[in-house]
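This structure is a prediction, so every number in the text was calculated from the model and none was measured.
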Amino acid sequence: MTNGERADRLFAEAGSVAGEMRRALADQAWNLATRRAQEVMELVVKGLLNEMGTEYPRVHDAVPVLIATLEQRRLQADGEFLEWLRAFSSRLAELRAPVFYQEIQRTEAAARSDVEGAERVLAFGRDLLARLRRP
């Protein structure tokens, strides 16, 4: 499997998980919506790293590697967005297990914010993937 094929699979899975995320939000399953938001974000980031041929760490927060790769390759990305992404990814990685095991409870507002953030990451990822593939 090529890097591009793996990236396509990761993005396809991110799209499927995003559907689950939206359904969880509609079902008022706030913790599950947050968990799925984290998964969407992770899949997008790892898909982008695959596309660029960068080995990603087997951790849930690979955004630092993505940012370093973008800088190393001198690829244009909004600095403010990348700082937001770094914080968002770190926070969701920390929440991943506690929300899954019901150790904490997310509010509707927090879950909606997480879902909106994941949607933002998915849009960013799709845009960057398209730019990476332009001749």
Side-chain angles (χ1 to χ4, degrees):
M1 177 181 316
T2 68
N3 289 339
E5 290 168 339
R6 186 178 309 271
D8 287 341
R9 286 184 179 199
L10 289 167
F11 268 84
E13 191 164 315
S16 294
V17 174
E20 294 173 13
M21 173 186 73
R22 292 178 201 110
R23 281 189 297 282
L25 193 62
D27 292 344
Q28 299 180 4
W30 314 132
N31 279 28
L32 185 57
T34 293
R35 171 64 180 237
R36 294 298 181 255
Q38 186 282 325
E39 292 169 351
V40 167
M41 192 250 350
E42 183 177 342
L43 288 163
V44 167
V45 169
K46 290 180 177 177
L48 291 170
L49 289 169
N50 256 289
E51 181 68 23
M52 292 185 281
T54 301
E55 184 70 24
Y56 54 80
R58 301 303 194 254
V59 297
H60 298 297
D61 183 7
V63 167
V65 176
L66 175 66
I67 292 172
T69 301
L70 293 172
E71 289 171 355
Q72 177 185 23
R73 294 174 185 230
R74 294 183 174 91
L75 295 169
Q76 297 292 346
D78 180 89
E80 284 184 34
F81 174 80
L82 293 179
E83 282 308 309
W84 170 84
L85 180 61
R86 183 188 313 267
F88 182 67
S89 177
S90 176
R91 183 175 56 79
L92 285 185
E94 289 176 16
L95 290 171
R96 186 178 198 282
V99 298
F100 186 70
Y101 295 111
Q102 302 296 317
E103 295 167 0
I104 62 172
Q105 296 301 309
R106 299 299 279 163
T107 64
E108 177 180 358
R112 286 190 183 284
S113 177
D114 297 339
V115 167
E116 289 169 7
E119 296 282 9
R120 187 176 177 197
V121 173
L122 187 56
F124 163 80
R126 287 176 173 156
D127 177 66
L128 181 55
L129 186 64
R131 286 192 296 137
L132 290 169
R133 291 179 172 177
R134 279 192 204 126

*State, with a plain yes or no, whether a side-chain heavy atom of Q105 is found less than 4.5 Å away from one of W30.*
no
*Could you give the distance from CD (E55) to CG (N3), rounded to the nearest 0.5 Å?*
9.5 Å
_Heavy-atom closest pair, residues A14 and L122_ = CB-CD1, 4.2 Å
*Kindly confirm or rule out a cation-pi arrangement of R58 over Y56, judged by NZ or CZ under 6.0 Å from the six-membered ring centre and within 45° of its axis?*
yes
_Rounded distance [0.5 Å steps], CG in L92 versus CG in D114_ = 5.0 Å
*Are any side-chain N or O atoms of R73 and backbone N or O atoms of M52, one a donor and one an acceptor, separated by less than 3.5 Å?*
yes
_Sub-4.5 Å side-chain heavy-atom contact between V45 and S89_ = no
_Pairwise distance CG(L25) to CD(E108) - rounded to 0.5 angstrom_ = 7.0 Å
*Under 4.5 Å between any side-chain heavy atoms of L85 and L66, yes or no?*
yes
*Who passes side-chain contact (heavy atoms from CB on, under 4.5 Å) against R133, sequence neighbours left out?*
A7, D8, E51, L129
*Test item: T54 and Q72 side chains (from C-beta on) under 4.5 Å apart, heavy atoms*: no
*Side-chain contact test, heavy atoms from C-beta onward, threshold under 4.5 Å: evaluate it for V63 versus F88 and give yes or no.*
no
*Using a 4.5 Å cut-off on heavy atoms from C-beta on, say whether the side chain of N50 contacts that of R9.*
no
*Linked, directly or transitively: F124 and F11 (ILVMFWY side chains, under 4.5 Å)*: yes
*Can you check whether V65's main-chain N or O pairs, donor with acceptor, with T69's side chain at less than 3.5 Å?*
yes
*Which atom names give the shortest non-hydrogen contact between T34 and A111, and what distance separates them?*
OG1-CA, 3.8 Å
*E94 and R91: CA distance, side-chain angles, deciding distance, salt bridge (Lys or Arg N to Asp or Glu O under 4.0 Å) verdict*: CA-CA 5 Å; E94 289 176 16; R91 183 175 56 79; over 6 Å; no
*In the single-linkage hydrophobic clustering (I, L, V, M, F, W, Y; side-chain heavy atoms under 4.5 Å), do L32 and M21 co-cluster?*
no
_Is the shortest side-chain heavy-atom distance between L128 and L70 below 4.5 Å?_
yes
*State whether the number of non-hydrogen atoms from other residues, nucleotides or ligands found under 6.0 Å of Q76 atom CD is greater than 12.*
no
*Taking everything shown except E103 itself, do over 12 heavy atoms lie less than 6.0 Å from its CD?*
yes
*Electrostatic pair E116:R112 at N-O distance under 4.0 angstrom*: no
_Tell me every residue that passes ring pair (Phe, Tyr, Trp, His ring centres under 6.0 Å) with F100, counting only those two or more places apart in sequence or in another chain._
none
*Evaluate the ring planes of F81 and W84, with Trp represented by its six-membered ring, and classify them as parallel (under 30°), tilted (30 to 60°) or perpendicular (over 60°).*
tilted
Do any side-chain atoms of residues 37-44 form donor-acceptor pairs under 3.5 angstrom with protein atoms, and if so which ones, sequence neighbours left out?
from	atom 1	to	atom 2	distance (Å)
Q38	OE1	R96	NE	2.8
Q38	NE2	E42	OE1	2.9
Q38	NE2	H60	O	3.4
E39	OE1	R36	NH1	3.1
E39	OE2	R35	NE	3.0
E39	OE2	R36	NH1	3.2
E42	OE1	H60	ND1	3.0
E42	OE2	K46	NZ	2.8
E42	OE2	H60	ND1	3.4

